[in-house]
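Keep in mind it's a predicted model, so treat the numbers as computed, not measured.
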Amino acid sequence: MDSIDLFAMRESFTRDRIMLCFNGPISRSLIEEIGNALRNYLQAEQVQPSAAMDVFGAYIEMTQNIRHYASALGYAEHEAMATVIVANKEDGRHVVSAGNVVEIADGQSLLERINVLARQDKAQLKASYKEQLRKPRDAGASSGSGLGLIDIARKASEPLSASLREIDTGRAFFSLSAVI
């Protein structure tokens with residue numbers, strides 16, 4: 001393995017205002033530990049409590065979705081990896097981004113759903129949230145009812161952005177970003 005230039009990486013993180021970065025297999029305990037570090041950082045930076053909770057909530061929702069997806073599909077540890085970045089913007093907002101390997105069809109479906117949410121204004125997002133709340137939940141579903149993604153979109157100050165990059169036959173890397 002080639003030597004990693006940590007100084008160059010640090011300079012890049014500083015330039016891009018990245019305050020938290022993780023890449024690797026994600027477990028419940030790791031989500032919690034990184035979440036605690038994120039909370040402490042936001043508190044130290046004196047971020048308004050409501051804004052800090054929104055950033056923390058987006059981080060939790062994204063990482064738990066990745067973990068649940070990998071578990072539901074029976075992915076091996078090296079396949080159940082997440083890439084998570086939380087960055088500051090100069091205007092005081094934060095960007096929460098997360099990505100993981102998905103089946104292409106699942107990624108395309110999720111991308112379509114996010115694109116629909118990205119076109120909605122705050123009133124439409126609120127209506128979508130209420131509509132989703134009223135829908136009966138599938139008793140056999142292993143994951144949530146889709147409220148988390150709508151909630152992130154509602155708290156975001158810009159439309160959600162997502163991408164899908166094919167990596168091999170049948171799989172792609174899905175990325176989601178929210179500006180909070």
Side-chain angles (χ1 to χ4, degrees), residues 1-14 16-42 52-88 94-115 117 137-153 156 160-180:
M1 178 171 110
D2 292 335
S3 175
I4 296 172
D5 187 346
L6 288 178
F7 181 75
M9 189 179 288
R10 178 185 182 275
E11 291 297 303
S12 175
F13 286 176
T14 301
D16 294 336
R17 303 178 60 90
I18 294 171
M19 58 189 227
L20 182 143
C21 180
F22 173 80
N23 183 59
I26 193 122
S27 66
R28 182 180 314 181
S29 60
L30 191 54
I31 290 171
E32 184 178 334
E33 287 301 318
I34 293 171
N36 288 335
L38 176 59
R39 254 194 224 163
N40 291 339
Y41 183 85
L42 294 169
M53 285 305 298
D54 290 347
V55 170
F56 178 77
Y59 158 78
I60 290 293
E61 184 65 29
M62 288 181 188
T63 54
Q64 285 182 343
N65 284 346
I66 290 170
R67 186 176 164 279
H68 292 165
Y69 180 82
S71 177
L73 269 66
Y75 281 3
E77 185 174 305
H78 72 280
E79 298 169 306
M81 293 178 53
T83 302
V84 180
I85 294 176
V86 179
N88 292 320
H94 296 82
V95 180
V96 181
S97 303
N100 63 302
V101 173
V102 297
E103 302 301 309
I104 289 176
D106 294 338
Q108 289 170 335
S109 175
L110 190 53
L111 196 56
E112 289 170 17
R113 186 152 182 250
I114 289 166
N115 288 335
L117 292 174
R137 187 158 172 207
D138 181 6
S142 62
S143 65
S145 59
L147 287 173
L149 191 57
I150 299 170
D151 196 44
I152 292 171
L160 298 179
S161 63
S163 65
L164 191 65
R165 180 180 290 181
E166 209 167 319
I167 54 175
D168 59 34
T169 305
R171 292 199 176 161
F173 188 83
F174 175 81
S175 302
L176 173 64
S177 290
V179 178
I180 308 288

Inset, instruction - Looking only at non-hydrogen atoms, find the nearest pair between Met19 and Asn88 and report the distance. - result: SD-OD1, 3.3 Å
Let me have the donor-acceptor pairs involving side chains of residues 95-103, under 3.5 Å, with sequence neighbours excluded, atom names and distances please.
from   : atom 1 : to     : atom 2 : distance (Å)
Ser97  : OG     : Ser177 : OG     : 2.6
Glu103 : OE2    : Tyr75  : OH     : 2.6
Glu103 : OE2    : Arg171 : NE     : 3.0

Legend entry - With sequence neighbours excluded, residues passing side chain to side chain contact (heavy atoms under 4.5 Å, CB included) with Ile60: Ile31, Phe56, Gln64
Inset, instruction - Flag yes if more than 12 heavy atoms outside Arg10 fall under 6.0 Å of its CZ atom; otherwise flag no. - result: no
Inset, instruction - Quick one: pull up CD1 in Ile34 and CG in Leu38 and give me the separation to the nearest 0.5 Å. - result: 9.5 Å
Inset, instruction - Please name the pair of heavy atoms, one in Leu42 and one in Ala52, separated by the smallest distance, quoted to 0.1 Å. - result: CD1-O, 3.8 Å
Legend entry - Expected output: side-chain Thr63 to main-chain Tyr59 donor-acceptor under 3.5 Å: yes
Inset, instruction - Answer whether the closest heavy-atom distance between the side chains of Tyr41 and Leu20 falls below 4.5 Å. - result: no
Legend entry - Qualifying residues under salt bridge (Lys or Arg N to Asp or Glu O under 4.0 Å), relative to Glu11, sequence neighbours excluded: none
Inset, instruction - For residues Gly24 and Phe22, report the shortest heavy-atom separation together with the two atoms involved. - result: O-CE2, 3.2 Å
Legend entry - Rounded distance [0.5 Å steps], CD in Glu32 versus CG in Leu30: 10.0 Å
Legend entry - Minimal non-hydrogen separation, Met81 against Ile66, with atom names: O-CG2, 4.3 Å
Inset, instruction - To the nearest 0.5 Å, tell me how far Glu79 CD sits from Leu73 CG. - result: 9.5 Å
Inset, instruction - Would you mind reporting whether Leu110 and Tyr69 have side-chain heavy atoms less than 4.5 Å apart? - result: no
Inset, instruction - Decide yes or no for Val84 and Met62: does some side-chain heavy atom of the first lie under 4.5 Å from some side-chain heavy atom of the second? - result: no
Inset, instruction - Compare all side-chain heavy atoms of Asp151 with those of Glu61 and state whether any distance is below 4.5 angstrom. - result: no
Inset, instruction - Could you grab the distance from atom CD1 of Ile152 to atom CG of Asn65, nearest 0.5 Å is fine? - result: 7.0 Å
Legend entry - For Ser163 against Leu111, the heavy-atom pair lying closest together: N-CD1, 3.9 Å
Inset, instruction - Any chance you could measure Leu176, atom CG, to Leu160, atom CG, to the nearest 0.5 Å? - result: 5.5 Å
Inset, instruction - Indicate yes or no for a side-chain donor-acceptor contact from Arg113 to the backbone of Gly146 under 3.5 Å, with no hydrogens or angles considered. - result: yes
Inset, instruction - Enter the distance from His94:NE2 to Arg17:CZ here, rounded to the nearest 0.5 Å. - result: 8.5 Å
